[in-house]
Amino acid sequence: MFKKILIANRGEIAMRVIRTCKEMGIKSVAVYSTADAESLHVRFADEAVCIGPAPSSESYLKMSNIIAAAEITNADAIHPGYGFLSENAKFSKICEEHEIKFIGASAEMIDRMGDKASAKSTMIEAGVPCVPGSEGVIPDFETCIKVAKETGYPVMLKASAGGGGKGMRAVWKEEDLQNAWESARQESKAAFGNDDMYIEKLIEEPRHIEIQIVGDSNGRACHLSERDCSVQRRHQKLTEETPSPFMTDELRDEMGKAAVKAAEYIKYEGAGTVEFLVDKHRNFYFMEMNTRIQVEHPITEQVVDYDLIREQILVAAGVPISGKNYYPQLHSIECRINAEDPYKDFRPSPGKITNLHLPGGHGVRIDTHVYSGYTIPPNYDSMIAKLITTAQTRDEAINKMKRALDEFVVEGIKTTVPFHRQLMDHPDYVSGNYTTKFMEDFKMEEPKDN
Ligand code: MV4
């Protein structure tokens with residue numbers, strides 16, 4: 001078992017990993033930029049190393065400095081969290097070359113799943129349901145027209161190096177195809193340095209339902225059921241829940257089996273997430289596979305009573321999984337609390353938190369790194385806390401979320417607490433009748449002057 005793990009991340013996920021390390025008797029090393037000198041993960045870790053100035057490119061993305069920090073502290077493993085270097089194949093490789101265990105996927109696996117067209121071809125080979133469309137990358141526009149016609153409009157043009165919606169275009173009729181093809185390729189080239197495109201049948205008003213999986217070094221995998229992540233704004237998840245209000249026991253079994261089949265086919269090691277698009281007829285289709293722990297992992301932990309970070313560490317240390325699958329015993333909802341102003345188009349609101357009261361009580365979990373007097377640096381993403389409520393039923397979990405949001409006090413900056421409070425009263429959310437289109441029609445109601 002590892003003696004010391006360096007957490008190559010910051011914020012709430014660094015706190016999350018440090019907590020599990022302490023429970024497992026593993027020493028922890030925090031790394032921080034000069035902007036994070038006063039951040040909580042620096043204080044909670046056993047050791048802390050400053051790896052550079054505020055810009056991520058000079059600190060949390062600076063592989064040489066992170067490896068140097070691991071060397072001087074004699075860490076035998078690195079946990080990358082999510083974002084930053086968590087799906088960087090080169091970093092995974094460098095860790096391997098320095099004989100520091102990367103608690104994540106191998107370089108080959110990251111590359112294979114990071115290339116969306118190749119990930120899809122792999123899933124077709126594995127017999128996982130995929131959206132009908134092109135077999136791999138489209139070489140030229142002539143082929144694009146031909147495949148779009150064969151697929152049948154509307155189609156979705158997608159960037160193979162993409163993800164999160166970049167380089168993606170919905171095309172409803174052939175006359176719009178050329179512009180979409182050119183602009184999507186330009187966007188992808190600019191964003192990823194790669195303009196490989198593929199085509200899929202457009203799935204209208206889909207839900208985004210993902211399956212958590214864990215694979216071990218013996219090539220076995222299990223699933224821990226689903227998370228519904230359909231409430232997104234500009235491809236940023238705002239809230240997630242499990243079980244999905246759209247799920248049936250039969251669909252859960254089918255999607256879970258498909259996700260395990262995918263993981264075992266590629267001999268996936270570690271925690272991963274297989275993302276599916278689900279249409280209104282409950283047909284599901286492979287979308288992407290993420291080779292990292294995800295922001296929303298706590299709702300799964302809450303309903304199956306399982307520590308996913310602990311499992312990542314055990315699997316990385318070669319401990320086999322039990323092999324059983326996990327099904328939700330409760331209902332859990334996560335609201336991502338961001339330092340953004342929902343009354344001003346969610347624009348960022350960094351600054352000093354002059355007063356903070358965190359909600360608590362039965363069934364309330366908060367994963368956060370902030371405290372009263374903490375100054376949120378403008379350099380990193382805006383998430384300051386994850387508020388998670390868990391109860392026997394969805395209605396009770398919603399009710400508990402409303403109560404917790406009403407208790408949540410943050411002064412000195414704006415946050416998305418008011419947005420989530422209104423969301424919990426929205427009829428389409430409360431009825432569970434929402435898709436990835438939900439936020440397109442959502443309007444914040446002005447605050448009642450109280
Ligand atoms: C799709 C789709 C409809 N049909 N593919 C968005 C980013 C990336 N995860 C893939 N995405 C989509 N792919 C086909 N064939 C609709 C989306 C999509 C979406 C998917 C999940 C969650 C939110 C979304 C918001 C807009 C579009």
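Every number for a ligand or one of its atoms is a count from 1 in the order of the listing. Note that the coordinates shown come from a computational prediction; the quantities given were computed from them, not determined experimentally. What's counted below: heavy atoms across the whole structure, side chains too, no hydrogens, waters or symmetry copies.
Checking His235, Glu200, Met287, Gln236 against atom 26 (C) of ligand 1, the nearest heavy atom belongs to His235. The option from Glu288, Arg233, Arg207 that lies nearest to atom 9 (N) of ligand 1, judged by heavy atoms, is Glu288.
More than 12 heavy atoms of other residues, nucleotides or ligands shown are found within 6.0 angstrom of CG on Asp345.
Of the N or O atoms in Lys201, one or more lie within a sub-3.5 Å distance of an N or O in ligand 1.
By the criterion of a heavy-atom distance under 4.0 Å, both the backbone and the side chain of Ile203 are placed next to ligand 1. Counting heavy atoms closer than 4.0 Å to ligand 1, residue Glu204 contributes nothing at all.
A perpendicular orientation is assigned to the rings of Phe286 and Phe276, their planes being inclined by more than 60° (bins at 30° and 60°). Between Phe141 and Trp181, the two ring planes are tilted [angle within 30° to 60°].
Ion pairing of Glu254 with Lys257 is absent here, as no side-chain N (NZ or NE/NH1/NH2) approaches a carboxylate O to less than 4.0 Å.
Scanning all protein heavy atoms for the shortest distance to atom 2 (C) of ligand 1 gives Met156 CE, 3.4 Å. What sits closest to atom 20 (C) of ligand 1 on the protein, heavy atoms only, is Leu277 CD2, 3.8 Å. Of the protein's heavy atoms, His208 ND1, 3.5 Å lies nearest to atom 21 (C) of ligand 1. Protein heavy atom in closest approach to atom 12 (C) of ligand 1: Met168 SD, 3.7 Å.
With sequence neighbours left out, the side chain to side chain donor-acceptor pair (under 3.5 Å) criterion links Lys402 to Asp425. With sequence neighbours left out, the side chain to side chain donor-acceptor pair (under 3.5 Å) criterion links Thr416 to no other residue.
Within ligand 1, the atoms closer than 4.0 Å to a non-hydrogen atom of Thr436 are 21 (C), 22 (C), 23 (C), 24 (C), numbered from 1 in the order shown. Using a 4.0 Å cut-off to heavy atoms of Lys158, the atoms of ligand 1 that qualify are 1 (C), 5 (N), 10 (C), 13 (N). If you number the atoms of ligand 1 from 1 as listed, the ones under 4.0 Å from a heavy atom of Gly165 come out as 7 (C). Near Gln232, with a cut-off below 4.0 Å to any heavy atom, the atoms of ligand 1 are 22 (C), 23 (C).
In summary, of the residues considered (Gln186, Arg185, Lys189), a side-chain hydrogen bond (donor to acceptor under 3.5 Å, both in side chains) with Asp195 occurs for Arg185 alone. The side-chain contact (heavy atoms from CB on, under 4.5 Å) test with Gln312 is passed by exactly one of His79, Glu269, Arg292, His297: His79.
Taking each heavy atom of Phe419 and Met444 in turn, the nearest pair found is CA-SD, 3.6 Å.
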